[in-house]
Amino acid sequence: MLSAEGLRHAFGEGRGQVVALDGVSFDLTSGQTLAIFGPNGAGKTTLLKVLAGLIHPQVGSVHVTGGRRAIGWIGHQSHLYEHLTVRENLLFWAALYGVPAARRGPRAAEVLGRLGMARRADQPVWSLSRGLAQRAAIAKALIHDPSVLLLDEPFTGLDLAAAAELRALLGELRVGGAAGGGRVLVLATHNVDEGVELATDVAFQRRGRFVHFAPRGGRGPAEIAEAYRRAVVDG
Amino acid sequence: MGELLVQAWTVARKDLVLEFRTRTALISAVVFTALVLTVFNFGRDPTAVPTIDLAPTILWVTFTFAAMLALNRAFQLELENQALEGLLVSPLSRTSLYWGKLIANLVFVAVVEGVGLPLFVLFFDVPVGRVLVPLIGVIALATLGFVAVGTLFSALVIRTRFAELLLVVILLPFLVPPLIGAVQVTARLLGGRPLSEAVGYLKLLAAYDIVFVSLASFLFRFTVDE
Amino acid sequence: MSLAHKGRRITLVALVCVAAVYVRALAFTPVERLQGPAQKIFYLHVPAALWTEAAMILVGLAGTFYLFLKDPRLDRFAEASAEVGTVFATIVLTTGPIWGKPIWGTWWTWDARLTSTLFLFFLYVGYLLVRGAVRDPGLRARYAAVLGICGMCLVPFIHLSVFLFRTLHPQPIILKPSAPSLPSSMLATWLFSLTAFTLLYVGFVTQRYALSLARDAQRGGSPEAGPV
């Protein structure tokens, strides 16, 4: 469903070159959630951007079943236009993702209802609080019912309650999806405590490389944190 | 092709809704146009230089300056919440994005020109009644060319320092051919001379449009990607 | 022999050639009947003008190939060619008025070739400014390539629009130095001068290319702002 093969990408040239991706390969099928942990500058965002087709990797390739249409992206930024209402934003993105015109309205209402935003639908985005804006951003990412969700530090800037809410939502999203067999989630974060429970697979990224990549098995946050410390911080 | 245009129109419509809802840029551009026309009136000696000699220059300098304001805002508004990133992740093709921006810019500039032209006629008492249709044709022909190049360049400078200043500097040489052509054709129209006299310039304008609209459509994909 | 040495040697040969052109022009080529000695400046002016345009076209071609091949050498060449083109444009814009003063009686006229060189000069300045405003080398090369390709396509349009403008508003005196009626001795001198300027272009570009290689090696290829 989502596979990456031998990805390599570097910024700059000569001695100042920064290698952001170095020999990264994986293959995820529906229902799998890959959590990528790594310090800032490890290349996590570059990896997600390569998966999303924002950056063309210098070496290697990415394959997504269904192409760009199948990808939903939740990053640091909401991608919402402040002077459009939440609904107008959703209808615009639905159109770009090729949702048939007749389906756009009902689909927007459905997503907004699910996120508890129905009453806010006709407010302009600039009038929303931070938490609500984050929810609107998630609604935007889900509007075309993507089968692959890419999440770049989604918990940053959320308070504890909002983070817990997001975790619960992501847990639900894992099992849904167009095919019914569950979605693929790729979650990048620098904080090991966040999102470990969601993951079926865990990777540690350091200087562009996956220094650890294995199924989570029954490991809990403490064990993962210990493994992370050994592999990344001390390694 | 149909899909390409539908997507382009989706982007353009969104831009125009945003534009007419906030109105800041549009009102600025219209006021700017009126201001430039007024300044030109005081910048000449009405007893020495007949208006008709200066009129084409005044018209085109005003239009090109006003267009610059439009071009600057085209991609600025995509930087809000990094919406540009969202557009690039979506299945929207780069060519559709370019055409969407081009359409929105053309509508914006057309509105400004639509206000500017009557003001110009009013302020300078230029007889345009007989030549209105060909005059609008020339305005459309010249505007398409430099807005096409300007839309490409506004995407080019968006990730650089001093984006607004840089856009003006790099666009300037590209304004020369359409500006010379438009001024010359306009002068002949306002002077009541037959359009056949300006056939060389009309060919130049048409060729410029064809070359730069296709070139910019092709090159745009190299400007927006990271 | 290093690239920088090679470049320096070619430049030296070119400069000797330019000097030789002038020895030939001043001592062995007849004085033009109407313009007198002022016409001699054309042996500097016209080849420089030709290479100003040629350099822009080479910048555009290098950009075209860069977009497909992603070879940084092409971008390095484009940068070198643009800077040398700027120098040549400056030569044209300074020698033009020096010639214009005695012949036209004014320092500046909106003569076709002079005007189009002026616009080319602006084009070069914009191109180099964009290079200076982008930090990432990959991004800089891509942006420069796009602008270079547009610049290349603009050259004939500037030529044409300025030419149309001039033919419809003739200057009081139109002197065409490159008219086919040019005496054979003048033509020979002029061709010699063109060769000298071609060498000069190659020499300058080679040196500039070597310089940018050395700069990147020294700074460890750190994403420094390019020269403005």
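Everything numeric in this text was worked out from a predicted model, so none of it was measured. Chain letters run A, B, ... following the sequence lines, proteins first and then strands; every chain starts at 1.
Taking all atoms of both residues into account, the shortest heavy-atom contact from B:Pro177 to C:Leu154 is CG-CD1, 3.9 Å. In terms of heavy atoms, B:Val211 sits closest to C:Phe157 at CG2-CZ, 3.9 Å. Of all heavy-atom pairs between C:Phe119 and B:Pro173, the closest is O-CB, 3.9 Å.
Proximity to chain C is absent for every atom of B:Phe162, based on heavy atoms less than 4.5 angstrom apart. In this structure, the portion of B:Ile180 lying under 4.5 Å from any heavy atom of chain C is its side chain and not its backbone. Within the 4.5 angstrom heavy-atom criterion, atoms from both the backbone and the side chain of B:Ala207 approach chain C. For B:Leu179, no part lies near chain C; criterion is any non-hydrogen pair under 4.5 Å. Heavy-atom distances place the side chain of B:Leu172, and not its backbone, under 4.5 Å from chain C. Only the side chain of C:Leu139 comes within contact range of chain B, with at least one heavy atom under 4.5 Å from a heavy atom of that chain.
For the pair B:Phe174 and C:Leu123, the minimum side-chain heavy-atom distance is below 4.5 Å.
Atom CZ of C:Arg142 sits about 12.0 Å away from atom CG of B:Leu219, to the nearest 0.5 Å. Summarising the geometry, atom OG belonging to C:Ser161 is positioned 9.5 Å from atom OH belonging to B:Tyr208; distances are rounded to the nearest 0.5 Å. Rounded to the nearest 0.5 Å, atoms OH (C:Tyr143) and OG1 (B:Thr223) are 6.5 Å apart.
Ring geometry, C:Phe68 versus B:Phe222: the interplanar angle exceeds 60°, so the pair is classed perpendicular (tilted spans 30 to 60°).
Most heavy-atom pairs under 4.5 Å with chain C: of the set B:Leu171, B:Leu166, B:Val149, this distinction falls to B:Leu166.
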